[in-house]
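Below, chains carry the letters A, B, ... as their sequence lines are ordered, and counting in each starts from 1.
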4 protein chains.
Amino acid sequence: MTKKPTMATAARAAGQKPALGGKAAPVSNRAMRAAQRRAAIVEAAMEEFIARGFAATRLDDIAKRAGVAKGTIYLHFKDKESMFEELVRIVIVPVVARLDALPPSTGSVRDLIEMFAGNFINEVIGTRRGDLVRLIVAEGPRFPAVADFYYREVVSRGMAGMRALIELGIARGEIQQKNLARYPQILVAPAIIAVIWQSLFARHAPLDAKDMLRVHLDLIFGERRTT
Amino acid sequence: MTKKPTMATAARAAGQKPALGGKAAPVSNRAMRAAQRRAAIVEAAMEEFIARGFAATRLDDIAKRAGVAKGTIYLHFKDKESMFEELVRIVIVPVVARLDALPPSTGSVRDLIEMFAGNFINEVIGTRRGDLVRLIVAEGPRFPAVADFYYREVVSRGMAGMRALIELGIARGEIQQKNLARYPQILVAPAIIAVIWQSLFARHAPLDAKDMLRVHLDLIFGERRTT
Amino acid sequence: MTKKPTMATAARAAGQKPALGGKAAPVSNRAMRAAQRRAAIVEAAMEEFIARGFAATRLDDIAKRAGVAKGTIYLHFKDKESMFEELVRIVIVPVVARLDALPPSTGSVRDLIEMFAGNFINEVIGTRRGDLVRLIVAEGPRFPAVADFYYREVVSRGMAGMRALIELGIARGEIQQKNLARYPQILVAPAIIAVIWQSLFARHAPLDAKDMLRVHLDLIFGERRTT
Amino acid sequence: MTKKPTMATAARAAGQKPALGGKAAPVSNRAMRAAQRRAAIVEAAMEEFIARGFAATRLDDIAKRAGVAKGTIYLHFKDKESMFEELVRIVIVPVVARLDALPPSTGSVRDLIEMFAGNFINEVIGTRRGDLVRLIVAEGPRFPAVADFYYREVVSRGMAGMRALIELGIARGEIQQKNLARYPQILVAPAIIAVIWQSLFARHAPLDAKDMLRVHLDLIFGERRTT
DNA sequence: AATGAATGAGGGTTCATTCAT
DNA sequence: TATGAATGAACCCTCATTCAT
């Protein structure tokens with residue numbers, strides 16, 4: 001009945017552990033199954049919302065994709081709207097968690113930022129997570145709660161982090177433009193643009209995001225001597 | 001009854017002229033009324049689509065806002081979907097027309113770009129036109145025709161124009177970063193970000209777009225001595 | 001603007017005559033033009049009603065086919081429903097007129113009936129007039145006025161005429177079955193069936209109506225010695 | 001996809017029985033309720049389509065008559081059109097089934113045919129089943145699938161059966177007219193006419209179908225000595 | 001807890017009818 | 001008189017939500 005929960009994450013979130021003993025241990029108690037189901041719904045809903053937007057997404061499709069009955073969704077979420085809002089929270093929280101776990105800043109500021117950029121390119125641009133950004137841009141105005149949450153949890157923290165890095169860069173003499181610290185948006189703008197570009201225009205004009213970001217960093221830090 | 005036709009184009013197309021003599025000239029011939037109606041529908045639809053997105057917009061509301069009957073919409077547009085697609089065209093075409101009418105490039109490249117930026121700030125960021133950009137980002141994936149059109153008419157031309165300017169700047173020695181010509185996106189990225197920021201986060205953290213764009217240009221052209 | 005009125009009949013009904021002198025005589029006075037228009041509408045409406053049935057026929061299509069504006073229809077008919085009812089009358093009356101103008105009955109009863117059958121085959125079965133019969137069968141229950149009219153003008157007269165013929169045949173010894181006079185329907189039944197068959201099943205199994213009617217007459221009058 | 005529980009079949013399949021003991025036995029399992037609903041929809045739709053024709057029938061009315069919500073109809077049928085087509089099938093199939101179950105042909109051909117005629121008079125002429133015939137005549141041209149189905153399942157089989165009987169009659173010397181075998185339509189024509197007559201003209205001129213069919217058989221088999 | 005059949009409000013679309021020109 | 005743009009009631013169909021099992 002239950003179909004491939006697809007989502008490793010989900011299972012993990014549910015606290016499932018690989019059966020240690022033999023014989024497919026009866027790991028599945030009630031609560032766990034419920035958590036799995038919930039995770040499957042979240043996963044499925046995310047896919048559908050990203051693919052079609054909030055209004056055009058049908059609960060029927062979410063249920064089908066999650067391998068549960070339509071009614072089951074209502075055991076986990078009050079209604080479509082609050083499902084959407086919770087969803088964004090659920091998906092974003094682990095992202096934030098990772099941001100918080102900043103690796104110790106060894107090396108130059110530019111190296112640090114390049115590492116960030118590399119991560120971003122691999123894990124956001126052109127991936128489902130990137131589409132989530134677009135989804136928030138798309139639905140934000142109709143879901144102030146979502147926009148607020150996203151601002152609070154991701155944008156404001158991200159901006160603060162970037163600003164700190166920029167200030168460090170300025171202090172170390174890596175960055176000349178002192179005013180840049182007032183607008184960390186400038187630092188991340190090309191990355192955001194890359195995300196949008198990929199989902200709208202990649203077909204017409206593929207964009208080498210990695211190269212673009214490097215050029216952008218050159219603009220800020222000065223061109224590198226060594227590649 | 002008819003509300004602010006806003007849409008200069010439509011009124012013009014209808015050949016309307018301000019009544020010169022007294023006596024409220026009988027300006028209303030058939031074609032003109034039709035053009036006014038159409039303009040009212042376009043205007044109303046734009047507002048609604050921007051406010052709610054494609055799927056959540058009701059034709060009933062568009063009709064009400066435009067002051068026409070629901071059936072009237074179907075005299076001008078085949079259905080909701082093609083109305084949306086035509087709408088984007090209708091609103092964007094005059095923008096493109098203006099882009100084509102480039103003013104003679106006197107003065108420095110930076111001056112030219114600053115002029116652009118000024119225009120953009122006044123006429124796009126924080127205006128309905130800006131929301132249109134967000135709308136296209138939001139609905140693009142579900143309306144390839146819209147994304148295609150927008151890419152062809154606006155993005156590709158804009159990129160080409162920016163690239164030409166950048167190359168000019170490089171040739172004149174105003175811009176140091178030669179690679180920038182490969183990615184005009186970098187030049188416009190902060191402006192786009194400003195557009196999005198205004199409609200999503202302005203409430204939480206107002207953004208001084210003008211100042212940010214100036215900082216960004218300083219990054220590219222070097223800081224100005226005189227403001 | 002006005003397109004080919006198609007309908008010779010219509011023009012005739014309107015009293016139009018071929019211009020005798022040269023120069024396209026100014027035959028068109030108001031009344032005549034109106035009559036032409038009306039005839040064109042009747043013709044067009046008939047085609048559409050037959051092709052689609054009452055409910056599925058659009059006045060728009062009738063107007064287009066008749067080469068008039070939609071509003072014009074309302075100058076001639078109160079509404080769609082009464083148009084339909086009048087239509088049937090208009091089309092049927094000339095048929096009835098012809099029935100009344102019975103040719104002098106020379107020859108045998110069988111010859112007379114065969115002449116009828118021949119006419120019927122040529123002018124009804126498989127023609128638009130035949131479809132009219134099917135239309136009446138189809139819409140009769142929802143248009144009692146139509147059914148009534150058709151019964152009064154066509155069916156009852158036809159039955160009376162047939163009965164008279166049958167009685168004549170019995171009196172002359174051509175027909176043995178005396179009871180047949182009570183059910184003239186039996187005489188015409190195969191002809192009606194042929195009409196229906198042609199429009200429903202001809203594609204699957206073509207029917208040689210002429211031959212079938214001959215066999216039927218043989219049944220009633222006895223087989224002919226000479227063909 | 002959809003199963004054909006026909007109506008009678010449906011109720012039976014549901015195993016409903018009059019409660020034997022007191023206390024309204026809990027006869028209602030899920031599947032049964034569904035079958036009942038479906039049957040109610042079929043029944044209601046039939047009534048409405050017969051009364052108003054396809055185009056003029058409103059799903060709202062069908063739902064109301066069937067005692068279900070509008071949406072429920074769509075759980076059983078794809079849309080109005082395919083509902084109509086399936087409906088005809090559902091109602092006709094049991095009729096065909098009965099035709100196939102021919103009783104052993106004892107007695108004369110005439111007796112056999114009179115038995116048929118008697119059945120037809122009781123169960124078709126003037127009943128809802130008769131109206132169905134008229135409905136098919138009415139909508140056939142717009143629903144080729146319906147006409148095709150009806151031809152294949154009812155008409156062609158009926159014609160074949162009648163032809164066989166006629167040939168038997170000829171072989172046994174009951175029927176003189178050898179050519180009749182080529183046109184079994186002649187045999188059934190008066191019965192069909194009776195069906196149509198009843199729904200269109202009965203009000204004006206009641207028709208004694210039984211007597212008419214007897215006269216018709218007399219025409220084919222010769223008049224009976226004994227009544 | 002989970003199901004999915006049932007509901008019915010709501011929205012896109014059509015089209016008979018009207019009326020200003 | 002003729003037009004056809006405009007109207008808005010009505011209809012088919014969808015889909016979020018409920019609830020008996």
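Between D:Arg37 and E:dA5, a side-chain N or O to OP1/OP2 separation shorter than 4.0 Å is absent. The side chain of C:Arg38 places no N or O atom within less than 4.0 Å of a non-bridging phosphate oxygen (OP1 or OP2) of F:dA2.
To the nearest 0.5 angstrom, D:Arg33 atom CZ is 5.5 Å from D:Arg37 atom CZ. Between D:Glu43 atom CD and D:Ile62 atom CD1 the span is 11.5 Å, to the nearest 0.5 Å.
The salt bridge (charged side-chain N to carboxylate O under 4.0 Å, His left out) contacts involving residues 75-84 of chain B comprise nothing, where partners must be two or more places apart or lie in separate chains.
A:Arg89 is linked by a side chain to side chain donor-acceptor pair (under 3.5 Å) to nothing, counting only residues two or more places apart in sequence or in another chain.
Listed here is the closest heavy atom pair of C:Leu132 and C:Ile50: N-CD1, 4.1 Å.
Within residues 44-53 of chain C, no residue approaches DNA chain F, by heavy-atom distance under 4.0 Å. Contact check of residues 82-90 of chain C against DNA chain E (heavy atom, cut-off under 4.0 Å) returns no residues at all.
Relative to the six-membered ring of B:Phe77, B:Arg38 meets both conditions, a distance below 6.0 Å and an angle of at most 45° to the axis.
Atom pair C:Ile62:CD1 and F:dT3:P shows a separation of 15 Å (rounding to whole Å applied). At whole-Å resolution of the value, CD1 in C:Ile73 and P in F:dA2 are 12 Å apart. Between the NZ atom of A:Lys64 and the C1' atom of E:dG4 there is a distance of 12 Å, rounded to whole Å.
Without hydrogens or angle criteria, B:Thr57 side chain to B:Gly53 main chain gives a donor-acceptor distance under 3.5 Å.
The aromatic rings of A:Phe49 and A:Phe54 sit parallel to each other, their planes meeting at less than 30°, with 60° as the upper class boundary.
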Review point. Would you write out the dot-bracket form of DNA chain E, 5' to 3', with Watson-Crick and G-U pairs under 3.5 Å, [ ] for crossing pairs, | for pairs to other strands and . for unpaired bases?
Key: .||||||||||||||||||||
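In this structure, of E:dT3, E:dA6, F:dT7, it is E:dA6 that holds the atom nearest to the side chain of D:Leu75.
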Review point. Nucleotide by nucleotide, 5' to 3', does protein get under 4.0 Å of the base (B), only the sugar-phosphate (S), or neither (-) in nucleotides 10-16 of chain F, counting heavy atoms?
Key: BSBBBSS
